[in-house]
Each structure stands twice: as C-alpha cells, then as structure tokens.
2 protein chains.
Amino acid sequence: MSSKRLDVHNSTIPQVCVACEARHRGVCGTLNPSQLVKLSKTTSKHIFAADEELIPAGGEIRHYSNILSGVVKLTRLMADGRQQIVGLQFAPDFLGRPFRSSSDISAEAATEVQVCSFPRATLEELVRESPELEHMLHQQALKELDEAREWILTLGRKTAAEKVASFLYLIASHIDPERSIDVGPIQFELPLKRADIADFLGLTIETVSRQITKLRKSGIIELEGTRIVTVPSMTVLQRASAADII
Amino acid sequence: MSSKRLDVHNSTIPQVCVACEARHRGVCGTLNPSQLVKLSKTTSKHIFAADEELIPAGGEIRHYSNILSGVVKLTRLMADGRQQIVGLQFAPDFLGRPFRSSSDISAEAATEVQVCSFPRATLEELVRESPELEHMLHQQALKELDEAREWILTLGRKTAAEKVASFLYLIASHIDPERSIDVGPIQFELPLKRADIADFLGLTIETVSRQITKLRKSGIIELEGTRIVTVPSMTVLQRASAADII
DNA sequence: CGTAAACTTGAGAAGGGTCAATTTGCGTGG
DNA sequence: CCACGCAAATTGACCCTTCTCAAGTTTACG
C-alpha cells in the first residue's frame, strides 16, 4: 500500500471531497475527516452518458454511490417489456439499496450523470462505526418513501393532464429547492425525454405529448424546443397538478 | 413515581411484552430487557374498529405504535375527495413517520386493529441510546420503500385484471409468509372491502367487482360470501398478476 | 446539410369510469 | 329464529379518457 499525503494529517478533508456537495447535503455530511479519508481512499468517480445503466437489475450489489450531478431513473421492467420508472434521484442523493445483495430495480442515467462510487464493504464498515451515517441513510430512505407514496397517489388517482403537470412541478421544484413558490417565472431543462416521462407517469408517449401541448396552449408552460420549459407561475402549475394540499 | 415489581429485576421482560410479536419480529426485538421496561412503562394498548382513524393526516405526531393485530391502511386524500391507499401495514409493523412532526398520510383501521402505543419522546430517547433500534426502523423503512415501488409498477403499468390479481396475491402472501409457493390451496379472509381495494388499486368499486367475478369464473379464485377467498393455486394467481419475476 | 431519433398529430378502438338498478349479505330488534 | 333494513357488492348500459396504430414533423447531431 502506498502512503498518501493525506494520511499525514488525517484531520484534513481529502482533496476529492473538498468541493463535493455530498459532504454538505449528502450522506458524507455525517463523516468526520478521518472517516472521509478512509472512504475517499476507496472511492472512484465515474461519468455515465444518458441512458447508460449504472446498476443492473437483479445483479449483485458491489458498490454504492453518491450522485454528484445529473438525474438517475430507477426502473422496473416486466417480462413482456412494460416498463415503469419507480423513482428519480438527483444530486447529492445516495444511490443503492443498503443491506441487500441485490435488487429488482435498475438504475439508469436519465441525463449525463457523475457519481462517486465506493465498495459495499466500505459503506457497511462505516455504518457499523457511525450511527450518524445510518441515521442519514435512514432519513434518505424515509424521504424516498414519502416521495414514492406521493407518486402512488399521482399514479392511482390523477388524470393524464394532472400527471404531466405534477411531473413538471416536481422537476421545477428540484431546480431550486430553496426558492419560495411564485417569485416570478422559472425556466429549466427537462432531464427526461418524452418516453421517460411516459414511463414515469404510467402513460404512453403520445398521451404525454398531447398533454404537454395542452399545457402549452393554455399558457401554463412555454416551450423552447422540446426540452426547455418556462413556467410563468408555479402556483398555476401547482393548481393544474391537483395538489391536494390546499 | 411508583415503584413497580419489574424494576427490581430489570432483566425481566415486562408482563405486557411477554406474548408480544413485536418483541420477536418487530422493532422491540432490538431492545434489551431494561429498555423494554422503560418503553413498557409508557405504552398503552388500544383497539380500533374497522374504519376508525388511528392517526389523522396533517395532525401533530404525538405517539408511535406497533401493530399487534389487524390491517392498517395508509391513505392520502385529495381536496376533491379522491382517495388513494398508499400502503398497507400488518402486525407486527411499526406505525408512524419517524423524525417528523406531521404527515399528510392518515392511518385507518381496515379491519379491527390492536396496537401498542408509546409517546414520541420515548421512541426518540430510545433511538438516541440504541443504534440497533434505528437500524431496525431503517430496515422497515427500506422494506416499505421496496413495497411502495413494487406498487408503483402495479399502478402504472398493469391492467385492472392484473391489479386485482396482484392484490389478492399480496394478501395471500401475508397470511403465511413462511409458506413456500403452491403447496396446495390457501384460504383467507380479505381484510379490505371492495371500496378499499379500489382505493388501493386506483380503480372504481365496480371495476374491482367485475374483475373479481372474472377471476372467480375463470377458476383462479373461489369465493364464500364476499370476503372469504380460496386460491387453488398460488402459481396460477401469480401468473395472473403478471409478476415480472419470471 | 442530411439522417436518425425524438416528438407531434390524427383517427379509430378499447379499457375502465359513470350512473343506475338490483341483489346479496348481515347485524339488529321484534 | 325470522324479518327487516341498510350497507356492501354485483351487474348492465353507455360514455369518456387513454391507448394503439399510423403518418407526419421537428430537433439534434454527425
């Protein structure tokens, strides 16, 4: 094993972690400098192009990751080819199913995605010595559970128009989570293509397209090309999404 | 504070916990006898009739519970009255959203339900002193997340017939989790009425009823009255549910 | 600037919803 | 124990939203 400069003062934050968002808002936020050093020794950064597979379904889980940038879709595939996106993850989310050797869900890049990966064993070791890390992972699991249940309501009870509006509202909300609702228009690039949106909403591409056209014609959104969306009023979009919180 | 017999030997398991399933398969399984004693001092058992509300949506969370018997439905209600069941919980599941003072989800009894409740503060205190307890809660959150995502696939991509079959398969699987698939017929009582099944599957009562009739006429299930179901072959039912795991 | 992928639009079909009328099941009280 | 009455469930007829299939059109990219 080669000694590294960082070993000398292991209260120093590793170079690779210095500018990393996961250290602030992600799971690494609970680690002390020496734990960060331990983790950073086994990490490696990867970049995936859109539609590349980060984690295959059914395969053995060998490593976990933090999303540094981009959007990841979690998908379930049926035997006959039907597909459903069961979750979307954004930076600096933790990626991977803890405490299980495999999962039926695959993770695919929706946009170009940058991740910081580390072996399964490293995470499990850190969890054992740091209850705060498990707490952070627990918190993220609960957040994802809240989001999944929100989405169950959307899939089960909303119309196609409401579903598409809900999706746009979801994406817009992720652009700037700090932003309070309706301080002027908001513009963003859709991280998903129509086919992905359809797989997320349990609709067909055609229905998604028609509903987006409707939203455009009614002035609730504006489009530049097919991906750049402007929402003049988030309140109006929220109303179109049939948000149940009044 | 009154002294109790159990304080003398706090390695003794409290009377109320002795026959409790939550001590074996539930979250209490991680607690040592003295922690059980501490918890049991603040617990109280409650029985709710079917359709009674255990936890109201939006209200402040004052206590958590373990389900001792019965089935609990977690529901989301929209402003216009549309309703969706976003989760079902069985004994000995933990009930309540940890680390949050409120939730938009209400918990209602589907059947008669018996719970063991304790104040929020007690749980939080125990979590602070016992990482194993948090690990157990984390595991349950991950299990619920897996189930929620499974259900997202069902809601988003399955037909009405497949949805109803999936629901029946889900319930049948919960009757005896240890049972291996297809060792003869299995009989059980449906914990949900048609309206609840509809709210769980994102369908109407009428569609659920029609699909149940279809399953009955095709011999995949048999009915006694409206609630008692016999499944001659779980494999056949599983196939009807379009289980994607081949 | 050409090509393929992504997206939109249209027409017709179908699955599931809506409304309405029965029928069944079941607890309660006579 | 039976009859009543109500809630739950079933069934039918019709309608509407979404899907399917089939062109077109636009966009992105080499």
Side-chain angles (χ1 to χ4, degrees), chain A residues 49-52 73 78 80-84 110-112 154-168 189-218 221-229 240 242, chain B residues 49-52 73 78 80-84 110-112 154-168 189-218 221-229 240 242:
Chain A
D51 284 324
E52 266 193 280
K73 41 182 181 164
M78 290 173 65
D80 60 4
R82 281 178 282 179
Q83 202 169 3
Q84 175 71 37
T111 61
E112 180 178 287
T154 299
L155 290 174
R157 289 301 183 203
K158 292 189 186 178
T159 65
E162 290 167 345
K163 284 180 180 178
V164 172
S166 297
F167 168 74
L168 294 172
E189 182 177 0
L190 283 179
L192 272 60
K193 58 184 161 202
R194 300 292 186 269
D196 288 336
I197 299 174
D199 281 345
F200 191 41
L201 297 171
L203 299 172
T204 59
I205 297 175
E206 295 92 327
T207 300
V208 170
S209 180
R210 280 186 253 269
Q211 297 304 333
I212 287 181
T213 301
K214 261 204 214 167
L215 286 170
R216 186 172 48 74
K217 288 190 175 165
S218 74
I221 60 168
E222 287 153 27
L223 278 177
E224 287 171 33
T226 60
R227 293 275 196 131
I228 307 293
V229 177
Chain B
D51 286 323
E52 264 192 281
K73 41 183 180 165
M78 290 173 65
D80 60 4
R82 281 177 283 179
Q83 203 170 1
Q84 175 71 37
T111 61
E112 180 177 288
T154 299
L155 290 175
R157 289 301 183 203
K158 292 190 187 177
T159 64
E162 290 167 343
K163 284 180 180 178
V164 172
S166 298
F167 168 75
L168 293 172
E189 182 176 359
L190 283 178
L192 272 62
K193 59 184 159 199
R194 300 292 186 271
D196 288 336
I197 299 174
D199 280 345
F200 191 40
L201 297 172
L203 298 171
T204 59
I205 297 174
E206 295 92 328
T207 299
V208 170
S209 181
R210 280 186 255 267
Q211 297 303 334
I212 288 181
T213 301
K214 263 204 214 167
L215 286 170
R216 185 172 49 73
K217 288 189 176 165
S218 73
I221 60 168
E222 286 154 26
L223 277 176
E224 286 171 33
T226 59
R227 293 276 195 129
I228 307 292
V229 178

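Letters A, B, ... are given to chains in the order of the sequence lines, protein chains preceding strands, and every chain is numbered from 1. Note that the coordinates shown come from a computational prediction; the quantities given were computed from them, not determined experimentally.
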**Message:** Regarding C/dT24, can its base be found pairing with the side chain of B/Arg194 as donor and acceptor, where the two atoms are less than 3.5 Å apart?
**Reply:** no
Rounded to the nearest 0.5 angstrom, the CD1-CZ distance for B/Ile205 and B/Arg210 is 11.5 Å
Whichever of A/Thr226 and A/Thr204 has the more 5' nearest nucleotide on DNA chain D, that residue is A/Thr204
| Side chain A/Arg210 and base C/dG10 donor-acceptor under 3.5 Å | yes
Any side-chain heavy-atom pair from B/Thr207 and B/Gln211 closer than 4.5 angstrom?
-> yes
Applying the Watson-Crick and G-U criteria (both distances under 3.5 angstrom) with [ ] for crossing and | for other-strand pairs, one obtains for DNA chain D ||||||||||||||||||||||||||||||
note: B/Arg157, atom CZ; D/dC19, atom C1'; distance rounded to Å ~ 11 Å
note: A/Leu192, atom CG; C/dA6, atom C1'; distance rounded to Å ~ 14 Å
Comparing nearest nucleotides in DNA chain D, the 5'-proximal residue of the pair B/Ala195, A/Gly202 is B/Ala195
Of the listed C/dG17, D/dT18, C/dT9, the closest approach to the A/Ser209 side chain comes from C/dT9
_Phosphate-side-chain proximity, A/Thr213 and C/dT9, N/O vs OP1/OP2 below 4.0 Å_ = yes
Atom CD of B/Gln211 and atom P of C/dG17 are separated, to the nearest Å, by 9 Å
In whole angstroms, the gap separating P of D/dT10 from CG of B/Leu190 amounts to 10 Å
Residue pair A/Arg157 / A/Glu162, side-chain heavy-atom distance below 4.5 Å: no
Check: A/Ile228 and A/Leu223 side chains under 4.5 Å, non-hydrogen atoms: no
A/Ile205 atom CD1 is separated from C/dA5 atom C1', nearest whole Å, by 11 Å
Under 4.5 Å between any side-chain heavy atoms of A/Leu155 and A/Gln84, yes or no?
yes
### Task
Look at B/Thr207 and C/dG16 and indicate whether a side-chain polar atom (N or O) is within less than 4.0 Å of OP1 or OP2.
no
Atom CD1 of A/Ile221 and atom C1' of C/dT8 are separated, to the nearest Å, by 14 Å
- Sidechain N-carboxylate O distance under 4.0 Å for B/Asp51, B/Lys193: yes
Query raised in the report: Below 4.5 Å, heavy atoms only, C-beta onward: do B/Arg194 and B/Ile212 meet side chain to side chain?
Result: yes
Given the structure, check if the side chain of B/Glu206 and the base of C/dC19 hold any donor-acceptor pair shorter than 3.5 Å. yes
note: A/Ile212, atom CD1; D/dT26, atom P; distance rounded to Å ~ 17 Å
Rounded to whole Å, the CD1-C1' distance (A/Ile228 to C/dA6) equals 15 Å
